[in-house]
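To start, the structure itself, in structure tokens.
Predicted, not measured: the structure shown is a model, and the values here were computed from it. The sequence lines fix the lettering, A, B, ..., with proteins before strands; numbering per chain opens at 1.
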Amino acid sequence: MTHPHLALVGPTASGKSAIALEAARILGDVEIVSVDAMQVYRGMDIGTAKPSPSERAAVPHHLIDIADPWEDWSVVRFRDAAREVVADIEARGRRALLVGGTGLYFRAVVDPLEFPGEDRRIREEIDAEGPTSALYGRLAAADPRAASRIDPANRRRIVRALEVIKVTGRLFSSFGPGLDSYGDPVIPVAIVGTRSDADRLRQRIHDRLIDMRATGLVGEVQALLDQDRPLSRTASQAIGYAEVIEHLEGRLTEDEAFAVAERRTRRFARRQRKWFERDPRVQWLEIENPSDGVASALECWSSCHTSA
RNA sequence: GGCCGGGUAGCUCAGUCGGCAGAGCACGCGCCUGAAAAGCGCGGGGUCACCGGAUCGACGCCGGUCCCGGCCA
């Protein structure tokens with residue numbers, strides 16, 4: 001676990017997948033590990049922009065299609081599965097290339113974040129106990145450090161902190177160094193993207209939504225709804241899926257659903273870009289053309305290796 | 001042509017009795033350790049269609065002009 005990871009992270013629709021495939025072809029000994037909260041779900045293919053069957057045949061991909069859409073998913077489930085897969089790849093003498101845009105999942109795999117246990121029942125009890133301001137007051141009294149890092153209006157985080165205190169008997173702020181502290185400083189990572197050209201990513205997002213619509217996203221969502229089990233809380237909030245469900249249940253027109261999904265994708269991409277920009281290990285790649293991006297990525301990875 | 005309604009932030013609109021121009025969304029900046037494609041905080045943006053009038057003071061009242069929508073002819 002002390003060796004550097006190979007990784008390509010960055011906003012959705014920035015071209016990570018194509019560059020990863022090209023890099024894998026060139027390097028020859030790498031397998032791709034998807035770092036994506038929604039590609040884990042079987043049956044959610046079009047809207048999550050999963051790699052195609054032929055792409056997955058050309059290079060081994062992992063952590064795609066490992067859960068059913070009625071299962072709740074979580075960062076800890078992902079981290080445990082990812083570490084197992086990476087260890088297995090390395091045991092076979094190959095290298096793992098982490099590719100994806102789910103920032104917290106990436107950090108959980110690569111950095112020593114410590115996730116205190118959860119208890120859904122206790123969480124729901126706390127959530128039912130009163131207004132956000134009262135819960136925040138309790139947290140501020142019990143764990144001032146944690147309270148100082150959580151916004152007084154952010155009910156979900158406040159409830160979670162109180163849950164951890166109740167379940168573990170320890171202060172929420174006593175768990176790990178937090179997101180501010182980065183583990184291995186020599187891990188080379190690349191953010192693929194469009195720092196200098198936001199309009200371009202915007203256009204790519206627009207085109208991608210049109211493409212998903214043409215490829216049959218509505219039908220895919222209908223098939224998910226036709227299953228005998230309802231979509232889980234986590235699966236049902238996927239961008240594109242949530243909006244098409246609204247459409248199929250009659251609350252939005254199809255045009256409206258795709259317009260909302262596009263706006264939400266733009267906001268998501270911005271949040272992803274911000275997340276990865278904060279990570280000092282991440283280096284930008286411009287993607288004027290795929291071969292350029294691959295060359296830059298390989299150069300970064302090899303130079304970071306030799307200096308490590 | 002007549003009558004009625006409307007014109008306020010990029011968009012949709014609110015604006016009480018005339019007293020410092022507002023909300024939601026968009027956009028930007030930031031936070032966030034078991035939902036993370038989730039959750040949350042902050043704020044940059046205005047010739048209140050235009051011209052004139054009364055008033056200490058007008059987005060608001062009075063007169064006129066232009067534009068949009070509806071009904072009537």
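- The P atoms of B/rG1 and B/rC17 are separated by 36 Å, rounded to the nearest whole Å.
- Here, B/rC62 and B/rU16 have their P atoms 14 Å apart, quoted to the whole Å.
- Contacts of A/Arg155 with the nucleic acid, taken as non-hydrogen atoms under 4.0 Å apart, are absent.
- At the heavy-atom level, A/Tyr241 lies nowhere under 4.0 Å from the strands shown.
- For B/rA58 and B/rA54, the C1' atoms lie 11 Å apart once the distance is rounded to whole Å.
- B/rC27 atom C1' lies 14 Å from atom CD1 of A/Ile205, rounded to whole Å.
- Contact check, A/Arg77 against B/rA35: no side-chain N or O comes under 4.0 Å of OP1 or OP2.
- Look at A/Glu55 and A/Lys50 and you find no salt bridge, because none of the NZ, NE, NH1 or NH2 atoms lies under 4.0 Å from a carboxylate O.
- Whole-Å rounding puts the A/Phe276 CZ to B/rC32 C1' distance at 14 Å.
- Between A/Arg263 atom CZ and B/rA37 atom P there is a gap of 20 Å when expressed in whole angstrom units.
- A/Glu220 and A/Tyr241 share a side-chain donor-acceptor pair at under 3.5 Å.
- Side-chain N/O atoms of A/Ser14 and A/Arg273 include no donor and acceptor closer than 3.5 Å.
- Between A/Gln272 atom CD and B/rC31 atom P there is a gap of 16 Å when expressed in whole angstrom units.
- Across B/rC61 and B/rG44, the matching C1' atoms stand 34 Å from one another, rounded to whole Å.
- A/Leu231 has its CG atom 17 Å from the P atom of B/rA37, to the nearest Å.
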- [ ] Test A/Glu256 against A/His247 for side chain to side chain donor-acceptor pair (under 3.5 Å), laying out the working first.
- [x] CA-CA 8 Å; A/Glu256 286 168 342; A/His247 161 57; over 6 Å; no
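- Between A/Lys274 and B/rC29 there is a side-chain polar atom (N or O) within less than 4.0 angstrom of OP1 or OP2.
- Between A/Arg79 and B/rU33 there is no side-chain polar atom (N or O) within less than 4.0 angstrom of OP1 or OP2.
- Note on A/Asp127 versus A/Arg155: salt bridge recorded, some NZ/NE/NH1/NH2 to OD/OE distance being below 4.0 Å.
- A/Arg264 places its CZ atom 12 Å from the C1' atom of B/rA36, with the value rounded to the nearest Å.
- Distance noted for atom C1' between B/rC40 and B/rC32: 7 Å (whole Å).
- With rounding to whole Å, A/Trp275 atom CH2 is found 7 Å from B/rU33 atom P.
- Checked against salt bridge (Lys or Arg N to Asp or Glu O under 4.0 Å), A/Arg94 has the following partners two or more places apart in sequence or in another chain: A/Glu31.
- When each of A/Val99, A/Leu97, A/Leu98 is tested with A/Leu6 by the rule side chain to side chain contact (heavy atoms under 4.5 Å, CB included), just one qualifies, namely A/Leu97.
- The same atom, P, is picked in B/rC13 and in B/rU55; the two are 37 Å apart, to the nearest Å.
- As a whole-Å value, the separation of A/Arg123 CZ from B/rA35 P is 5 Å.
- In the model, A/Gln39 has a side-chain atom that pairs as donor or acceptor with a side-chain atom of A/Ser34 under 3.5 Å.
- Comparing B/rA38, B/rC32, B/rA37 against the side chain of A/Arg156 picks out B/rA38 as the nearest.
- Between the C1' atoms of B/rA9 and B/rC25, the separation comes to 12 Å (whole Å).
- Within the nucleic acid shown, A/Asp72 has no heavy atom closer than 4.0 Å to any nucleic acid atom.
- A distance of about 36 Å separates the P atoms of B/rG46 and B/rC4, rounded to the whole Å.
- Residues A/Pro152 and A/Tyr41 both approach RNA chain B. Their nearest nucleotides, taken by heavy-atom distance, put A/Tyr41 toward the 5′ side.
- Not one side-chain nitrogen or oxygen of A/Arg160 sits closer than 4.0 Å to the OP1 or OP2 atom of B/rA35.
- Of the side-chain N and O atoms in A/Thr102, one or more sit less than 4.0 angstrom from OP1 or OP2 of B/rA37.
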Collect all protein-nucleotide pairs involving nucleotides 41-44 of chain B in which both atoms are nitrogen or oxygen and the distance is under 3.5 Å.
{"from": "B/rG41", "atom 1": "O4'", "to": "A/Asp151", "atom 2": "OD2", "distance (Å)": "3.0"}

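- Salt bridge annotation for A/Arg42-A/Asp65: absent, with no cationic side-chain nitrogen under 4.0 angstrom from a carboxylate oxygen.
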